[in-house]
Number of protein chains: 2
Amino acid sequence: MAIDLRLMRYVLAVAEEGGFQRAAKRLVMAQPPLSRQIRNLERELGVTLFERRPTVRLTEAGRVFVESARTILAESDRLAERTVLASRGEYGTIRVGYIYSAVFETLPRLVAATGRSHPGVTVYVRDAWTPELDAALLADTYDLVLSRDLPQRPEYRRETLRRERLVAVVDEGHPLVRHGRAGLRDFAGQRFCHPPRHLAPDRYHFMTTALERTGETFERWESPIHGLGHLDLGDRRSFALVAGSAVGQVPVGTATIAITDDLPALELQMVWKRDNTSATLEIFIDNARGVAHREGWNDPA
Amino acid sequence: MAIDLRLMRYVLAVAEEGGFQRAAKRLVMAQPPLSRQIRNLERELGVTLFERRPTVRLTEAGRVFVESARTILAESDRLAERTVLASRGEYGTIRVGYIYSAVFETLPRLVAATGRSHPGVTVYVRDAWTPELDAALLADTYDLVLSRDLPQRPEYRRETLRRERLVAVVDEGHPLVRHGRAGLRDFAGQRFCHPPRHLAPDRYHFMTTALERTGETFERWESPIHGLGHLDLGDRRSFALVAGSAVGQVPVGTATIAITDDLPALELQMVWKRDNTSATLEIFIDNARGVAHREGWNDPA
DNA sequence: CCTCCGGATACCCTGCGGGTATGGCGATTG
DNA sequence: CAATCGCCATACCCGCAGGGTATCCGGAGG
């Protein structure tokens, strides 16, 4: 015979009530079977858990038993609760991969909203570049990905989460800063800084065609490192282009300038696999839709 | 009905074997009752734990259940084991208070020996001065105390653990260092540094009488702080007196000099309360006796 | 010495958990 | 496409673990 939760409850009741009769009352049962159960347990373990005379008190071994039993019982109580929550997707983990530019404002909002409405949901987040996100999503390493130009695949479902205008990031001493806004051609001849080209080819294409359409020429500089390396501008004739949600979040020493050109908006998309049936994922997606709606993420700003 | 450990084992078996028949086999039972138990559980929770067609697989909720169930089962397995160990004193906590001078060598040896022979025993240690140790022992805050001159009380049992000669601690540039040994009168006129007098009155008395018996006079300096403050000697005409086990353990910049006077040995005693029936305490005491015997702690060195 | 309180013992009985036989559904194969 | 096989579900039976009632016993208090 193995020790089961019932026996733990019995021992706990006797320990806490300090007597078999009171404990039996609390357990809504008669005293003799309770006494017998505990005696059987003691015989099986070969250990006395209670001194009974002159008064019922825990032995040292009893104290150890009670201590462990308490945590086990507490954990088992939560087991049922958690399982029910999990069936509705309200308990569990969702793994979200995202491109760097989502870290400024979009991702934190989503995580915060999910955490507030569903405290049992853990959102695991990790940044990466587009090719890595694609591979991870395919391999089911992530449940959902926030990206701009993930390849089209039949097994993917995608939804546009946010539309953003471009803004330029420049050194705070840059001559255009005081206007606050500028056209791309105002940057003619200056140095365009961008992230490693092979890590975000579509994005690179989007930006270079925008620059070419101005008819002007630009110097170029490709940052060798991931992340926000291309924002380390270094002088007053360099500029980078990022999504509008970065405004107010760029590194110290830099400033943002709104771009007035009539360009198609940058789209940030949520992408997940059609066959991913996780209810937690559903909840996260619904939440994201709600946030996008409330915050007006569909009108480029 | 509540979820009990048996059900957790069932779910776990089905999850790990990937089928009801194999799981039943592992559980040494027939398949139908197993299926029924799990279906009842699912009904009670109002949650499906397994997809059964086309193949038996865990649902999201099932994964959460299994995850929690694993830790609960592991913990319950340990419960019985720990309880049995505890009945022999081999699992539990013992709280040991000690005076600073035991920290050099004596206490670590005892803790290490106990940890090696009884991995389930946690030794909680705390240093303090004699009056504090006395109060804590009386109040059952500690189970055992290592001290030199605790008051005699009828409820205490005590045993001498170690006899030690005095050694002097001096700055490493002190003129007597190169001899390695000296009589107390060789320190005549120098500054005797000692811990706060009211915190170890008997020790203070022991040392001052030893100094007075030389017929010489000494300057005195009472450190205002606890701990090893009185070993912060500062010049080459100061000395402190400590128990011999401190040799090789004193702060950098200081050195020890053996004292050749024929003085009564310093006794380090274990003291505990007669009515403390903790089996863990017994084990610790037996261990300490063993270490003292093996290390020859009874002949002053 | 008696009483009373509380745990232990003796004995009964019910229902839960497990067994056997069999049905049903989906996938695989000639 | 039919037949077969694998595997889980259903139906029904049974034994015993666990709970109930009645009673005994030991120690503390008056």
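What you are looking at is a predicted structure, and each value in this text was computed from that prediction instead of being measured. Residue numbers begin at 1 in each chain, while the letters A, B, ... track the order of the sequences.
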On the nucleotide [N], are OP1 or OP2 found under 4.0 Å from the side-chain N or O atoms that [X] carries?
X      : N      : result
Q31(B) : dC8(D) : no
S35(A) : dA8(C) : yes
R36(A) : dT9(C) : no

Measure from [atom1] on [X] to [atom2] on [N] and round the result to the nearest Å.
X      : N       : atom1 : atom2 : result
N40(B) : dG18(C) : CG    : P     : 11 Å
L41(B) : dG17(C) : CG    : P     : 11 Å
R22(A) : dC5(C)  : CZ    : P     : 13 Å
I38(A) : dG18(D) : CD1   : P     : 13 Å
L34(A) : dG6(C)  : CG    : C1'   : 13 Å
Q37(A) : dG20(D) : CD    : P     : 11 Å
E51(B) : dA9(D)  : CD    : P     : 12 Å
D4(B)  : dG18(C) : CG    : P     : 9 Å

With respect to the side chain of [X], which nucleotide from [options] is positioned closest?
X      : options                  : answer
P32(A) : dT10(D), dT21(D), dC8(D) : dT21(D)
M29(A) : dC8(D), dG19(C), dG19(D) : dG19(D)
F20(B) : dG18(C), dC8(D), dG7(C)  : dC8(D)
P33(B) : dG18(C), dA9(D), dG20(D) : dG18(C)
Q21(B) : dA9(D), dG20(D), dC7(D)  : dC7(D)

Would you indicate what Y10(A) reaches in the nucleic acid, counting non-hydrogen atoms under 4.0 angstrom: base, sugar-phosphate, or nothing?
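If one applies the 4.0 Å heavy-atom cut-off, Y10(A) turns out to touch the sugar-phosphate alone, with no base involved.
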So what does R39(A) touch, heavy atoms closer than 4.0 Å: a base, only the sugar-phosphate, or nothing?
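Here R39(A) touches the backbone only, sparing every base.
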May I have the step-by-step check of ring-ring contact (aromatic ring centres under 6.0 Å, His included) for W129(A) and Y100(A), ending in yes or no?
CA-CA 8 Å; W129(A) 289 92; Y100(A) 285 99; 5.3 Å; yes
Any chance CZ of R6(A) has more than 12 other-residue heavy atoms, nucleotides or ligands included, within less than 6.0 Å?
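Counting other residues, nucleotides and ligands, CZ of R6(A) exceeds 12 neighbours.
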Should the pair [X]-[Y] be classified as a salt bridge under the 4.0 Å nitrogen-to-oxygen rule?
X       : Y       : result
E295(B) : R109(B) : yes
R153(A) : D134(A) : yes
E90(B)  : R88(B)  : yes

Tell me if the side-chain of R6(B) makes a donor-acceptor pair with the base of dG17(C), cut-off 3.5 Å, by modelled atom types.
no
